[in-house]
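Below, each value reflects all heavy atoms present in this structure, side chains not excepted, and no hydrogens, waters or symmetry copies.
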Amino acid sequence: ARERGVRTTRLAALRRETAGFADAVVSLAREFLPTLVELPPHGLIDVLRERAETARAAKARHEDARVRLEVAEAKLSAARGAREAATLALRRLSSILPEGANPRIEMARLDRREALRQQLKEKRAEFEARAEGVSEAAVRAELPGFDRHRAPLDVEDLERQAETMSVENTRLYAQLGQRLARRDELENGTGAELAAFQRAGIEADLVAAGRQWAVRKIAALMLGAAIEKHRESQSDPLMLRAGELFRTLTGESFEGVMQDYGEDDQPRLVGRRRGGERVPISGMSEGTRDQLYLALRLAYLEDYAKRSEPVPFIGDDIFQTFDDERTAAGIRALASTSRLFQPILFTHHLSVVAIARRALGDGLDYVEL
C-alpha cells in the first residue's frame, strides 16, 4: 500500500508537469500560432519545432548575407577610392594630350603598343634561345639571300647525306673491328719484326679511319641539329599555343608540346621538359594527359575564335583528377583564354571555388546557383 501511494504521488506529479508543459505550449502557440491554437499539444509541438528550425536557417542565411554585405561594402569603398584616384590620374594625363585628342583612342593605342613591345620581347627571347649564339644582326643580313621555297629541298638533301654518313659509319666500325682482330692475330703470331711492321701500317690506317669517322660524326650531328631546327621553325602556331597552355597547366613542369617522329617515321605528339627531354603521351600520368588534352582543346578553341564567331567553353567539374596545384594552374589557363572566348566552369566543390579566388582574385566572375 505504501509503494502504491508513492507511485500514485509520482503519477500525479507527472500529470501536473505534463499539464503545465501543455499549457506552456498552448500559451506559446497563442503568441506565435494564433490560427493553429485549436490543435492538440503534440501537433503544436511539431509545428513549433518546424518553425524554430526554419527560423534558425533564416537566421544563418541572414548572418551570411550580412557578412557578404560587409565584404561587398568594403570592396565598393575600395573601388570608389580607386576610381577617384584613377579619375584624377586620367585628368592629369588628359591635360597633356593634344587638343581634340580622344583619351579612349589614345589609351587603346598605348595598350596596343605595350602588347606589341611585350610580344617583341618574347620573340627576341625565343630567338636567342634557338639562335645558338648567332646574333640578330647576322640573321637579318642573311635574310635577303634566304630562299624559303628552296629550304625544304635542302633539308631533304641534308637528311639523305645524314643517312649516307650513318651507313658509312657502320662500314667503318666493321672495318675497325676486322683490323683490331688482325692486329691481335699479328701480335700473337710468329715473326716479330714483320708483325711490328704490319702493326705500324695498321695503326696509321686506324688513325686515318678514326679521323675520317670523327669528321663524318661531327657532320652528322650538325645535320641532325639543322634538321631539328628546321622542324621547330615550321611549327604550327596552334601547337605553339597548346605548348604555352600546357606549360601553364603543368606549373612549368613541361616547357611545351611538339611533334616528334618515331622509329616508323610517323609523327607523334610529345611533351618537352626544360632539359630537352621528350616524354610521349604513354609516358605521362593520367593527370598530365588530362592537362595535355585540355591544352589542345583550349588552343583549338582560340584558333577557331580567331577565324569564326567565338563560342563559350563550358566545363563541368573537369578538374576531378587534378590536385590543388593543378586545379589552380588549370583555372589560370582558362582565364588566359577569356580574351578570345568565354570560359565557363561548373562545379559543386567549394574547394575549387576557393582555389579560383586565390588564383584569380578580383578577376573571378563567380555565380552561385
Side-chain angles (χ1 to χ4, degrees), residues 21-91 104 107 248-249 251 290 294 298 301 310-369:
F21 181 73
D23 293 339
V25 170
V26 172
S27 177
L28 191 62
R30 286 195 183 98
E31 182 177 355
F32 295 101
L33 304 171
T35 59
L36 303 177
V37 72
E38 299 300 328
L39 292 175
H42 63 84
L44 291 174
I45 290 173
D46 293 337
V47 175
L48 288 171
R49 182 185 298 110
E50 182 179 352
R51 293 289 179 89
E53 292 176 354
T54 303
R56 281 194 295 270
K59 181 179 179 182
R61 290 194 298 271
H62 175 75
E63 182 64 22
D64 181 65
R66 183 185 63 79
V67 173
R68 291 187 179 184
L69 178 60
E70 292 177 355
V71 173
E73 289 176 346
K75 290 183 177 180
L76 177 61
S77 177
R80 286 175 176 171
R83 182 175 180 270
E84 293 177 358
T87 302
L88 293 176
L90 180 60
R91 289 175 181 173
R104 294 183 181 274
M107 181 64 69
T248 300
L249 286 167
D290 291 344
L294 179 59
L298 294 177
L301 288 178
V311 295
F313 172 81
I314 301 177
D316 186 5
D317 270 342
I318 59 177
F319 299 133
Q320 291 183 352
T321 61
F322 291 15
D323 55 20
D324 290 350
E325 293 182 1
R326 287 181 173 177
T327 299
I331 290 172
R332 285 193 291 269
L334 286 177
S336 69
T337 62
S338 61
R339 58 188 177 84
L340 293 176
F341 60 87
Q342 182 182 20
I344 301 173
L345 176 64
F346 288 99
T347 182
H348 62 277
H349 296 288
L350 295 179
S351 60
V352 176
V353 177
I355 293 172
R357 284 176 172 165
R358 290 196 301 270
L360 303 181
D362 294 336
L364 173 66
D365 188 5
Y366 171 65
V367 178
E368 182 176 359
L369 301 179

Straight-line distance of Ile355 CD1 to Leu364 CG, nearest 0.5 Å
12.0 Å

Work out which heavy atom in Leu334 is nearest to a heavy atom in Pro343; give both atom names and the distance.
O-CG, 3.3 Å

Do Leu301 and Thr337 touch side chain to side chain, with heavy atoms closer than 4.5 Å?
no

What pair of heavy atoms forms the shortest contact from Thr248 to Arg332, and how long is it?
CG2-CB, 4.5 Å

Which heavy atom of Ile331 sits nearest to which heavy atom of Val352, and what is that distance?
CD1-O, 4.0 Å

Main-chain N/O of Glu73 paired with Ser77 side-chain donor or acceptor, under 3.5 Å:
no

Separation of Arg326 CZ from Leu294 CG (nearest 0.5 Å):
12.5 Å

Tell me, do Leu360 and Tyr366 make a side-chain contact under 4.5 Å, heavy atoms counted?
no

Look up atom CG in Leu298 and atom CG in Leu340, then write down how far apart they are to the nearest 0.5 Å.
11.0 Å

Should the heavy atoms of other residues, nucleotides or ligands under 6.0 Å from CG of Asp362 be counted, would the total exceed 12?
no

Tell me whether the count of non-hydrogen atoms from other residues, nucleotides or ligands lying under 6.0 Å of CZ in Arg66 goes above 12.
yes

Considering non-hydrogen atoms only, spot the tightest contact between Ala328 and Ala359 and give its length.
O-CB, 4.3 Å

If every non-hydrogen atom of Leu249 is compared with every non-hydrogen atom of Ala329, which pair is closest and at what distance?
O-CB, 3.2 Å

Verify the neighbour count for atom CD of Glu50: are there more than 12 heavy atoms of other residues, nucleotides or ligands below 6.0 Å?
no

Can you tell me if CZ on Arg80 sees more than 12 non-hydrogen neighbours from other groups inside 6.0 Å?
no

